[in-house]
Enquirer: 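To start, I am sharing the structure in question, which I have written as structure tokens.
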Amino acid sequence: VRDPFRMEALLVALHDELRDCTVRSWQEVNQLLFGALRVEKTLMVFLLTFIVVVAAFGIAGTLITVAVQKTREVGILKAMGMSRALVARIFLMVGGIIGLVGTLLGVGLGLLVIHYRNAIAGVLSRAMGVDVFPPELYHLTQIPGKPMAGDVVLITVTSLLICVMASLIPALYASAMSPAQALQEEN
């Protein structure tokens, strides 16, 4: 068939022609495998989301440390007339820049791993002495992988939003500092 994902009309015609036979598509025959792959994809999304959240906590912790270490500097800026919104924006921008660099590096590395996935699986199999992607289990000769533009965009945008949201707490902390108290702080 020209398009193996659009076989409905052919299946109906075969079923009508061969009434004494059972007619099943390759999708019906491999339904269990496709279900397992869907579960694996869902678990990967779940796992990667938690990895991004952990990274976001790292960003938040770093920015809180910076805000505490730069208490006097923030106090001087506020005493010179810098608004709370501008102080918050500085910390949000730093968090956004960290998130952007990390996200771009992560997406780039991820696409590179997807491109070389079978070679990487071969190296891992040789290093561990075990086939990491056994063809008899998955009924495939190589690891399937096709990065979908929509998925990449969704992951990128979600990562950036999580990173910017992680920098909200340090931004609010820094913007809420009283200039007088900040200048009295001994670092």
Side-chain angles (χ1 to χ4, degrees), residues 37-128 132-133 142-187:
L37 291 175
R38 267 192 302 278
V39 168
E40 285 182 9
K41 182 179 178 181
T42 303
L43 287 174
M44 286 300 293
V45 168
F46 188 70
L47 179 66
L48 292 175
T49 300
F50 275 107
I51 289 171
V52 170
V53 169
V54 168
F57 276 115
I59 291 170
T62 301
L63 289 177
I64 287 172
T65 303
V66 168
V68 169
Q69 288 177 341
K70 300 295 181 184
T71 299
R72 290 186 59 79
E73 289 82 354
V74 171
I76 290 169
L77 291 174
K78 289 182 84 174
M80 291 174 50
M82 185 176 279
S83 69
R84 293 177 69 168
L86 192 53
V87 171
R89 196 175 327 153
I90 290 170
F91 281 87
L92 286 174
M93 283 178 45
V94 170
I97 290 169
I98 293 170
L100 180 66
V101 170
T103 298
L104 291 178
L105 287 173
V107 167
L109 184 62
L111 291 174
L112 193 66
V113 167
I114 288 172
H115 183 71
Y116 293 106
R117 67 193 174 279
N118 293 308
I120 292 169
V123 169
L124 288 174
S125 293
R126 284 189 296 281
M128 295 189 305
V132 294
F133 192 78
Q142 45 183 322
I143 301 172
K146 181 180 178 188
M148 307 297 278
D151 289 345
V152 173
V153 168
L154 178 65
I155 290 166
T156 302
V157 169
T158 303
S159 295
L160 288 173
L161 284 175
I162 290 173
C163 291
V164 170
M165 287 176 22
S167 61
L168 273 175
I169 294 172
L172 293 173
Y173 171 78
S175 68
M177 283 184 204
S178 162
Q181 286 180 335
L183 289 172
Q184 289 176 356
E185 288 283 325
E186 287 295 324
N187 291 338

Enquirer: Can you find a pair of side-chain heavy atoms, one from Lys41 and one from Asp151, that are under 4.5 Å apart?
Expert: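 Heavy-atom side-chain distance check passes, below 4.5 Å.
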Enquirer: Between atom CG of Leu37 and atom OG1 of Thr42, what is the distance when rounded to the nearest 0.5 Å?
Expert: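 Answer for the CG-OG1 pair, Leu37 versus Thr42, is 10.5 Å.
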Enquirer: Taking Val132's backbone N and O only, do any of them form a donor-acceptor pair with Ser125's side chain (distance below 3.5 Å, no angle check)?
Expert: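 Pair found, side chain donor or acceptor close to backbone of Val132.
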Enquirer: So, for Pro179 and Lys78, which heavy atoms are closest and what is the spacing to 0.1 Å?
Expert: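 Taking every non-hydrogen atom into account, CG-CB, 3.8 Å.
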Enquirer: Evaluate the criterion side chain to side chain contact (heavy atoms under 4.5 Å, CB included) for residue pair Leu109 and Leu105; output intermediate values, then yes/no.
Expert: CA-CA 6 Å; Leu109 184 62; Leu105 287 173; over 6 Å; no
Enquirer: Say you draw a straight line from OH of Tyr116 to CD1 of Ile143; how long is it, rounded to the nearest 0.5 Å?
Expert: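 Here the interatomic distance stands at 15.5 Å.
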Enquirer: Might you point out which heavy atoms bring Phe91 and Ala174 nearest each other, and give the distance in Å?
Expert: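 In terms of heavy atoms, the two residues are closest at CE1-CB, 3.3 Å.
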Enquirer: Of all the heavy-atom pairs spanning Ser159 and Thr103, show the shortest one and how long it is.
Expert: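 Taking Ser159 first and Thr103 second, the nearest heavy atoms are CB-OG1, 3.5 Å.
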Enquirer: Are Arg84 and Val87 side-chain neighbours, meaning at least one heavy-atom pair lies under 4.5 Å?
Expert: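 They are not in side-chain contact.
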Enquirer: To the nearest 0.5 Å, what is the distance between CE (Met177) and NZ (Lys70)?
Expert: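 The NZ atom of Lys70 is 11.5 Å from CE of Met177, to the nearest 0.5 Å.
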Enquirer: Begin with the C-alpha distance, continue with both residues' side-chain angles, and end with the deciding distance and a verdict on side chain to side chain contact (heavy atoms under 4.5 Å, CB included) for Leu63 and Tyr173.
Expert: CA-CA 10 Å; Leu63 289 177; Tyr173 171 78; over 6 Å; no
Enquirer: Is it true that atom CD1 of Ile169 has more than 12 heavy atoms of other residues, nucleotides or ligands lying nearer than 6.0 Å?
Expert: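 It does not: Ile169 CD1 has 12 such atoms or fewer within range.
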Enquirer: How long is the span from the CD1 atom in Ile59 to the CE atom in Met165, to the nearest 0.5 Å?
Expert: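 Nearest 0.5 Å value for the CD1-CE distance: 12.0 Å.
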Enquirer: Would one find more than 12 heavy atoms of other residues, nucleotides or ligands at under 6.0 Å from atom CE of Met44?
Expert: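 Open: at most 12 neighbouring heavy atoms sit under 6.0 Å from CE of Met44.
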Enquirer: Check whether any side-chain heavy atom of Val52 lies under 4.5 Å from a side-chain heavy atom of Leu48, and answer yes or no.
Expert: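 A side-chain contact under 4.5 Å is absent here.
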Enquirer: From Leu77 CG over to Ile90 CD1, what is the distance, rounded to the nearest 0.5 angstrom?
Expert: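 Rounded to the nearest 0.5 Å, the CG-CD1 separation comes out at 6.0 Å.
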Enquirer: Taking the side chain as C-beta and beyond, is there a heavy-atom pair between Phe133 and Asn118 under 4.5 Å?
Expert: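 No. Closest side-chain heavy atoms not under 4.5 Å.
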Enquirer: Would you check, one step at a time, whether the test side chain to side chain contact (heavy atoms under 4.5 Å, CB included) holds for Glu40 with Leu43?
Expert: CA-CA 5 Å; Glu40 285 182 9; Leu43 287 174; 5.8 Å; no
Enquirer: Roughly how far apart are Leu160 CG and Ile155 CD1, rounded to 0.5 Å?
Expert: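 That separation rounds to 12.0 Å.
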Enquirer: Which atom pair, heavy atoms only, marks the closest approach of Gly95 to Cys163?
Expert: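 Answer, listing the atom of Gly95 first, then Cys163: O-CB, 4.3 Å.
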Enquirer: Quick check: closest heavy atoms across Pro147 and Ile114, and the distance to 0.1 Å?
Expert: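 Nearest heavy atoms, Pro147 then Ile114: CD-CG2, 3.9 Å.
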Enquirer: Which heavy atom of Ile64 sits nearest to which heavy atom of Pro170, and what is that distance?
Expert: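 Shortest heavy-atom contact: CG1-CG, 3.6 Å.
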Enquirer: Between Ile76 and Met80, is any pair of side-chain heavy atoms under 4.5 Å apart?
Expert: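 Yes - at least one pair of side-chain heavy atoms lies under 4.5 Å apart.
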Enquirer: So do Val164 and Leu168 actually touch side chain to side chain, heavy atoms under 4.5 Å?
Expert: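 The answer is no; the side chains never approach within 4.5 Å.
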